[in-house]
Amino acid sequence: MVSNAMPQRNNEGFLEDAQTWTEGVATAIAAEDDVDLTEKHWEIIKFLRSFYKEHEMSPPSNRLFVKAVKEALGEDKGNSIYLMQLFPGTPAKTACRIAGLPRPTNCL
Amino acid sequence: MTTLIMIDQPPYGAWTGREALDMAFSLAAFDQSASLLFTGPGVNWLRQTQHAGGIEQKSVEKNLAAAPIFGMDAILADRAACIAYGLDEHSLIEGVTLVDADADLLTDYDHTAFAG
Amino acid sequence: MTDIQTLHILNKSPDHPRAARCVEMMSAEDGLLLTGNGVLLLARGNLLPGASKVFALIPDVEARGLGDLSGNVSSVDFAEMVTLSLQAQRVISW
């Protein structure tokens with residue numbers, strides 16, 4: 001059975017438990033930011049999910065988010081303009097929220 | 001400007017080590033040359049197969065593995081402390097360089113700061 | 001102020017293992033700046049590194065009632081502490 005209920009979130013909209021994330025949850029959270037998820041978004045979201053699985057942390061700041069994407073996917077995607085276009089606001093925060101990860105520790 | 005951050009406290013008991021890791025990551029974020037040096041009981045950060053779920057914490061081993069991705073220079077460990085805590089190349093996490101943490105080593109860095 | 005290669009800043013009390021490490025690691029050309037509980041080292045004169053230049057942050061010294069500094073210890077205020085840190089080639093914060 002698939003539940004459409006939104007899992008528990010904190011006051012900034014981040015999931016309390018990264019395990020409760022599904023693609024449906026991502027789509028719903030993205031919609032709150034008026035973001036329509038495309039293949040480009042999913043590539044970053046998938047990267048963040050695997051980063052979290054491997055390191056048990058979100059990239060701690062926006063700069064380190066950009067660095068980590070650059071390391072994994074190259075300079076075309078690992079730059080702040082590209083990531084800002086996909087994830088408006090503070091890209092690390094927005095992307096982590098959609099990917100169901102905890103809030104980056106140093107993103108004000 | 002090169003910075004060496006020393007961690008001489010064991011993992012999990014207190015937050016000082018994590019704060020040090022945050023500091024190191026932040027320096028790397030701004031492309032400042034930064035390395036970590038683990039000494040004394042601090043070398044226990046570097047032991048393989050830590051499972052911290054039971055004490056509801058994240059594994060520092062996995063956190064540390066992100067250091068090269070973020071552009072940190074090196075993860076160093078004091079050789080004598082590793083021997084004292086039974087850590088060798090088989091039980092240490094990958095990417096750790098063994099050094100002698102003495103006054104000579106510190107002359108390579110403009111700034112050395114202990115965590116906590 | 002003075003030519004210091006390596007300035008050690010110690011804010012741990014004399015019984016903290018790092019205080020002993022710090023003194024042990026110092027060479028004669030190094031400077032030692034005591035701040036916070038580090039100034040308690042002044043009350044344990046025998047532990048002070050004999051050959052090195054020693055500075056102590058005066059508000060921390062006075063707060064602990066250790067106002068009378070002995071001959072080879074210089075007092076510094078906050079501004080002088082900053083100058084001292086900037087002039088040293090290397091700084092080690094214990």
Side-chain angles (χ1 to χ4, degrees), chain B residues 1-11 13-27 32-45 73-74 76-85 99-116, chain C residues 1-41 47-57 60 76 78 80-94:
Chain B
M1 171 91 175
T2 54
T3 303
L4 181 68
I5 294 165
M6 306 251 287
I7 296 181
D8 65 354
Q9 319 261 322
W15 292 107
T16 51
R18 290 212 178 253
E19 284 161 8
L21 197 58
D22 261 352
M23 180 157 70
F25 285 165
S26 300
L27 285 165
Q32 300 293 304
S33 162
S35 296
L36 284 168
L37 169 60
F38 294 86
T39 65
V43 295
N44 289 292
W45 278 65
D73 282 356
L76 312 172
D78 179 48
R79 188 175 284 115
C82 286
I83 293 169
Y85 282 94
V99 295
D100 296 314
D102 54 17
D104 263 359
L105 177 78
L106 301 192
T107 60
D108 293 342
Y109 300 89
D110 298 315
H111 192 190
T112 299
F114 277 85
Chain C
M1 213 175 291
T2 34
D3 269 346
I4 294 175
Q5 290 271 312
T6 301
L7 178 68
H8 298 258
I9 304 178
L10 177 66
N11 66 359
K12 302 291 181 291
S13 77
D15 293 300
H16 192 290
R18 246 180 247 164
R21 265 309 264 152
C22 167
V23 172
E24 169 190 306
M25 212 183 244
M26 286 186 62
S27 68
E29 308 85 66
D30 293 357
L32 175 64
L33 168 61
L34 302 170
T35 68
N37 284 330
V39 303
L40 294 174
L41 198 61
L47 298 179
L48 280 171
S52 313
K53 300 184 186 81
V54 180
F55 307 87
L57 186 60
D60 287 332
V76 292
F78 284 109
E80 288 166 328
M81 176 172 88
V82 173
T83 311
L84 204 56
S85 312
L86 290 174
Q87 281 177 347
Q89 285 199 10
R90 285 181 291 275
V91 175
I92 301 177
S93 310
W94 292 87

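All values derive from a computational prediction rather than experimental measurement. Values below: every heavy atom of this structure, side chains too, minus hydrogens, waters and symmetry copies. A note on names: the letters A, B, ... follow the listed sequences, proteins ahead of strands, and every chain is numbered from 1.
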Inter-residue atom distance B:D104.CG - C:S27.OG, 0.5 Å rounding: 10.0 Å
Once rounded to the nearest 0.5 Å, what's the spacing between atom CG of B:L4 and atom CZ of C:R90? 12.5 Å
Point-to-point distance, once rounded to the nearest 0.5 Å, from CD1 of C:I9 to NE2 of B:H111: 6.0 Å
Mind checking which of residues 10-26 of chain C sit less than 4.5 Å from chain B, heavy atom to heavy atom? C:K12, C:R18, C:R21, C:M25
Approximate separation, where rounding is to 0.5 Å, of B:T107 OG1 and C:I92 CD1: 9.0 Å
